[in-house]
Structures are given as C-alpha cells and as structure tokens.
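Working notes for the structure below.
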Amino acid sequence: MQSNTGGWQDRVPSFRTLLVVSAVLRVVLILYSEWHDAHSIVKYTDIDYRVFSDAARFILYPNLRGNIAKGPLAPRSFPVGDPYTRETYRYTPLLAILLLPNEWLHSSFGKYLFAACDLINGALIYKILISHILPNTKPPDAPGKSLGHSMSAHATLLAATHLLNPLVFTISTRGSSEAILCTFVLLTLFYALEGRQNAAAVMLGISAHWKIYPIIYGVSCVSAIAWQQVNHKGWGVEYLHYLFGRRALRFTLLSAGTFIILGATCYAIWGYSFLYEAYLYHTDRRDHRHNFSPYFYLIYLTYPISGVPSPNLPIWRQILRSPFTSLIPQLALSLGTGLALGRPMIDLPFAWFVQTFTFVLFNRVCTSQYFIWYTLFIPLLAPRLNLSWKKWMACGAVWIGTQALWLAEAYKLEFLGNDVFFGLWVRGLLYVAGHAWVLGVIMSGKSRNSLTNAHVQPHHSAS
C-alpha cells in the first residue's frame, strides 16, 4: 500500500513544473495569435481586446477626437482622455489604464497580463487547497511522512484542472480580461479563509467595482462571520443578532466603502459616461443573439426597432417585459443560497460556486465567458464532494452537450443567416434544464459529504 501511494505521488509533476508548462502554453498561443491575425480573415483575438486597446489609446491621447474626460473633478492642467469615447467599452476605466502599455510597449501586453493573472489564479488555488481545503478533508491513505507530499500532489492535480482548462487559457490568450477579475475574487476568498476579514472586505469592494456581480458574495461572507460567532449552533435569534452585529457591519462598511470610493473617484474624473457604461447600461442590456439566457426569445420579440413607436401595453405586460423582473428569481437564488450555504467559513468556496452558478444560469444575458466565473471554484470543491467518477462524467457530458446543442443552432443564425430564433430558444431552455441538473448533482454530493463529516467532527473537537 505504501509503495502504491508513493508511486502515485511520484508520477505527479511538481506545482512549479505545472506553472512553467502553463506559462509556455500561454506564450505560444499569444505568439500564434499574432501570426494568425496577420494571415486570416477570422481573427483569433477577441473583439473585446480591440475595444480595450482603443480605450487605452483614448486615455493616453486626450486630444484624439476630442475625448477629454468631462468629470466634475477632471484635471484641467493636464487633460485626461475618456475611454468611453470608444463605443461598446463598458468596463471600469482602470482596465484601460492597466492596458496603457499596449500603446507604448507592445500591442499584446494585455494578453500577457491576462495570462499572468491565469498563473496567479492557479497559484492561489494551490495555496488555498494546501492551507485550508485539503487539511479539512479526509486525507488519502498515506503514511504520516508522505502525507504532505500526497497533499501537494493532490493540490497540483486540482490546480491543473484550472491552469490547463482550454476554456481558461483560450479566453485569456484571446484577450478577455476575466482573469483579472478571477484574481480579485480568489484573493477575497483567500483572505476570508485566512481570517483576515478587513482585507477580504477591501478585495470584495475592488472585485465589485471591476464587475458588479461579486457583490453577491458579501451575503455569504457575512453569514459565515455570524456562524463563527454562534459556534456553529445553527439558525436562531443569536445567529440573526450576529448577522447584523459589529463584525458583520464592519465587513459590510469596508467592502461598500471601497466600492464607493473607487466609483466616486472614477465618476469625479470621467463623469456620467463612467456611471452609465460601467453599471447602468447593464441593468437594461438586451442581447438577442449571443445569449444562452432563457430570456433570449423574449428579448428578441420585444427588441425595440428604430423609428417604430413602442406599443401602449397594459401595466402587467410592461412589468413582465421589464429587465428588472428577471432580477427577482436571479437575486433570490444567488443571495438566498449565499445566506444558507455560507457557513462555516470553510464552505465559502461551495457557497460562492452555487451563488455564481445560479446568477449566471438565470442572468438575462449569458455568454461563454461567464462560465469561468463559477468553474473557477471547481478545483476547490472537488475534495469535499462525494461524487463518483460516473457522476462527474455525466455532469461534464450534460454541461458541454447542452452548450454544443445551442452553439450548433446559433451557427445557423450567426453565419448562415437562417431564421432559427425559436429553435435557438428551445435549445436555450434545454441548456437551462441541463445546467440546473448539473448544479443539483453537485449540491447533492456536497450534502452527502456534509453528513459524512458530521460524524467525524466530534473527534476533531475532542482533540
């Protein structure tokens, strides 16, 4: 038994080797993207990367097309450019500032930055696994001296599922900025698990400034803080007391304050254009083509036509059509699961996974890049899930298969120009049903694991 365990450990490369391989892979893909884009009509680089680069150029050259920042406190002595002069740039201006070296250093600087964030994310996943997840999970059969090596090998394999995930390295090397947001989110999680709640609150505020959705994690963080103070005794008046107690309030104020300070600073320089493009636009965003969402067909049927007056509809139909109506099931599920599952602190990765999964699944707009928001947590979940390989394979097949069905129909719409809107919507419903089933299977695996751990915990408390 001992030799078998040692052999398994020895066959797993070191985490440093994994990082080197992951870095080389990304560098090769970025170099290939430059060659491919120069020789092909269909570009490897994502259109969003061109938008980021143009926005950075507008900041760097404020006299270009008269794009001077018009915020109430914008400096007059040295004008600052407005990134929102670039149409479809709907992100924080800090992203454009980070990509300024695209202009003065190299046009692919941003891709290398995103790839570097990929590597940082892998290192954070490895660190969280080694420091928190695996030590609180039933260890594999291994002698005492090799237990640390076994944990390192296990953590390396799990980190590899992120670093070598084609979805992850393709998105970053094509020029999507999701890797930066993932870094902020993982740092928030790491600090929370370390018990550094002030740092976690600040990172949560930064994450929410970058993209608004991480704000949902605040509910599970506050729930975990309250759960710690009642010594894991469950729901009750005492739990509710600490849910609105001093520590929870401090966490809320720190995260909200960070978010407000960053937003107020950007507004002071770039004004309403920042507020609208970065936040308000997304409240009424309507994407009737590149969209997995179950609301896709409704958006298509009610999409406003230029020059055609809007029909005078009854109030109840206006409410059903309102973009805010879709927020009800989405926020009820993502916030409710955060409150219920964010306890104890070690379960935050699971709570965040479920929150993000439901948020993406029921979002009014959903593209493939959004899937990274929750697949990021899978390496942190796997050790604490009691699922057979058959169920893992079934989940993967359903998760990928429903997307493939949708994409096959979307190809007819996007590239062939066929009128397949209704068929695409039906496949979108299959996508929702299939991904909801996957989420249910994963949650059931965690439930069984929790029941199993319930019988083990007395031994830990006794010691």
Side-chain angles (χ1 to χ4, degrees), residues 125 128-129 133-134 136-138 140 154 157-162 164-168 182 185 189 213 216-217 219-220 223 292-294 329-344 346-363 366-407 426-456:
I125 289 171
I128 292 171
L129 285 166
I133 305 300
L134 294 179
N136 289 282
T137 307
K138 184 179 178 181
H154 194 184
L157 286 176
L158 290 168
T161 64
H162 176 79
L164 302 181
N165 184 339
L167 183 66
V168 173
C182 291
V185 169
L189 177 61
Y213 86 88
I216 63 178
Y217 302 147
V219 174
S220 48
S223 179
F292 286 93
S293 171
Q330 181 187 29
L331 293 182
L333 288 169
S334 57
L335 297 179
T337 52
L339 189 65
L341 301 176
R343 49 189 178 87
I346 193 65
D347 280 343
L348 279 184
F350 176 72
W352 289 13
F353 171 81
V354 175
Q355 286 184 274
T356 315
F357 201 118
T358 55
F359 185 91
V360 171
L361 188 60
F362 293 99
N363 199 31
C366 178
T367 63
S368 296
Q369 294 177 359
Y370 293 10
F371 300 146
I372 290 212
W373 296 354
Y374 61 80
T375 57
L376 176 71
F377 301 113
I378 290 180
L380 305 176
L381 297 180
R384 296 174 64 83
L385 293 180
N386 185 16
L387 292 177
S388 66
W389 279 106
K390 290 183 178 179
K391 286 199 171 182
W392 276 114
M393 294 297 290
C395 287
V398 172
W399 190 80
I400 295 174
T402 51
Q403 293 177 56
L405 280 174
W406 186 93
L407 290 169
V426 171
R427 296 190 183 207
L429 296 180
L430 291 176
Y431 147 80
V432 172
H435 282 217
W437 178 84
V438 170
L439 178 60
V441 171
I442 292 176
M443 293 183 71
S444 67
K446 178 60 171 65
S447 299
R448 288 195 298 271
N449 185 264
S450 298
L451 291 174
T452 303
N453 289 342
H455 299 290
V456 180

Not counting sequence neighbours, which residues clear ring pair (Phe, Tyr, Trp, His ring centres under 6.0 Å) with Tyr370? List them please.
Trp373
Proximity of Phe371 and His435 rings by center, below 6.0 Å:
yes
Take Met443 and Leu341, measure what side chain to side chain contact (heavy atoms under 4.5 Å, CB included) needs, and give me the verdict at the end.
CA-CA 10 Å; Met443 293 183 71; Leu341 301 176; 4.2 Å; yes
For [X], all residues meeting side-chain hydrogen bond (donor to acceptor under 3.5 Å, both in side chains), sequence neighbours excluded:
X	value
Thr356	Tyr217
Tyr213	none
Asn363	Gln330
Ser220	Trp352, Gln355

State which residues pass side chain to side chain contact (heavy atoms under 4.5 Å, CB included) with [X]; sequence neighbours excluded, sorted by chain then number.
X	value
Val398	Thr402, Trp437, Val438
Leu331	Leu327, Ser334, Leu335, Phe359
Ile372	Leu167, Val168, Ile171, Cys182, Thr375
Thr161	Pro379

Could you tell me whether the side chain of Leu381 reaches within less than 4.5 Å of the side chain of Lys446, counting heavy atoms only?
no
Steps toward side chain to side chain contact (heavy atoms under 4.5 Å, CB included) verdict (Ile442, Leu385):
CA-CA 7 Å; Ile442 292 176; Leu385 293 180; 3.8 Å; yes
d(Phe353 CZ, Leu376 CG) to nearest 0.5 Å is 11.0 Å
Kindly compute the distance separating CG (Leu380) from CG (Leu189), expressed to the nearest 0.5 Å.
6.5 Å
